[in-house]
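Counting starts at 1 for both ligands and their atoms, following the listed order.
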Amino acid sequence: MKRTLYLKFLLAYLIFGMFSFIIMTTFVPNMTREHLVREKAKNLYTEATLIAGTYASGLYASETDLETVKTQLDALSAYLQSTIRIINPSGRLVLDTNTPLNVEDVVIDGFDPTVTYGSYYIVDDFFGTFKTKMLTVLAPINYNYKIRGYVLIHCDMRDIEQSCNSLLNISYITLVILLLLSLIILIFFTEIVYIPLRRITHATEQYAAGNMHYEFQVESDDEIGYLAACLNYMASQIAGAEDDQKKFVANISHDFRSPLTSIRGYLEAMLDGTIPPELHEKYLGIVLNETERLTKLTNSLLTLNNLNTKGMLLDISDFDINQVIRSTAASFEGTCRKKTIAIELILTGEEMYVHADMGRIQQVLYNLIDNAIKFSHHDSVIKIETSLKKNKLFVSVKDTGIGIPKDDLKLIWNRFYKSDLSRGKDKRGTGLGLSIVKEILNAHGENINVISTEGEGSEFIFSIALAAENDDED
Ligand code: ADP
């Protein structure tokens, strides 16, 4: 079953070979023989008419004698490798290049000049005058508007058969060479197509069985090599995605387990009296914080899931970004007051309309401001600035906090990534905030960049499309 393609090609090759053989042994010999006979007859007929018009009619016009004609026709018959005869309309032999002159009076019994039936040649024993089959052409001798006799040229069919066989031998050798060449093509096909195809099929079977780390090699620069490379790449991508999935689940489990363990620990300690009742309020506050973290984690996961599954399903509209920035910043008033952090807004224009999903952009701002506050020192300032560049609005959220180590800059966008530096500062972080930000902006076809120096602060800048309304105003 697995070798079907190969068997099909082998079968096709055998059928091709068989048909070639049948054609070569039936049609070709017949056609060749017929062609040779026709060509020979045509040539002989030309000769016969020539003889009839010259020597033979000269004979009847008594311009030349029989002996001279005989010598000349003898030479010609040797050259043509055939027998030349001149006969009277009654069938009486006047001259025969096979026999000397005046030996005996020979009459061809039942001679009929219409024997060729409209054609200019006939293949038979010519009224029993030959023991073997002969090709005979017949040309009338006209003198004084009367048929005085006929010139006959007979050629032995065995000679024609011999030339036919020599020609056929060439055809047979050509056929054998062709069959050998096509066998080489079959072997090449096996090497170039079949074996790589088998490898690819085997690899797909492995992938279907879940072995995504299976690797295979097809070294060719053609479409098959490209297909194999694509398949290899696809498998490595799926394997990578699977590994990411595993890491993702491991991270989620870890992030859920730690708050649950601490909640459980505090509650047990309160129940068995390890934590005295007067301290219950303090520890219940910690437990509440942990539950808040769990809620935040669950919400973030749900958001990420929605972004992933719904892809581009954004609720795009034109809205005033300045308004959104102001209200989002205002929602952090309480947290800012605790850390005595000020948020400074440097916004372009009183109103600035952008074209995006308002809810999602609000979330981007929320996550960025939340991080800026989390990683800022007490008594510092966070700047939120907007600027216009090349028909786009750039929003920057800048803090003077702990900054991000250079090596971490690429990793902060990964899900669950938290830099070591931030762990001490921010125990409630999920490591999902920035991946959500990136997903949202990607879905909008926009970009986000970060400029940060460890110990000095960070600046996150993202772009957003302007609404057509602003352009009109310009
Ligand atoms: P988290 O919930 O931990 O803040 P994020 O995805 O928002 O998750 O951020 C990932 C990591 O990026 C953070 O743990 C922190 O190390 C770093 N980070 C993000 N924003 C800032 C910032 N403004 N200043 C310093 N580090 C930051």
Determine whether the side chains of [X] and [Y] contain a donor N or O and an acceptor N or O closer than 3.5 Å.
X      : Y      : answer
Ser82  : Ser77  : no
Thr136 : His154 : yes
Asp408 : Tyr417 : yes

Going by the angle between their ring planes, with limits at 30° and 60°, are Tyr214 and Tyr207 parallel, tilted or perpendicular? perpendicular
Any idea which part of Asp399 is under 4.0 Å from ligand 1, heavy-atom wise: side chain, backbone, both or neither? side chain
Test of understanding: given a 4.0 Å heavy-atom threshold, classify the contact between Trp413 and ligand 1 as side chain, backbone, both, or neither. neither
What residues, two or more places apart in sequence or in another chain, satisfy salt bridge (charged side-chain N to carboxylate O under 4.0 Å, His left out) together with Glu456? none
side-chain hydrogen bond (donor to acceptor under 3.5 Å, both in side chains) partners of residues 23-38, not counting sequence neighbours, each pair once: Asn30-Arg33, Arg33-Glu161
Could you tell me, atom by atom, which parts of ligand 1 come under 4.0 Å of a heavy atom of [X]?
X      : value
Leu434 : 5 (P), 6 (O), 7 (O), 9 (O), 12 (O), 19 (C)
Gly431 : 1 (P), 2 (O), 3 (O), 6 (O), 8 (O)
Tyr417 : 10 (C), 11 (C), 14 (O)
Leu432 : 6 (O), 8 (O)
Ile412 : 10 (C), 12 (O), 17 (C)

Would you call Arg264 and Glu268 a salt bridge, using N to O less than 4.0 angstrom? yes
Heavy-atom proximity to atom 4 (O) of ligand 1, best of Lys374, Lys438, Glu454: Lys374
Gly401 near ligand 1, heavy-atom distance under 4.0 Å? no
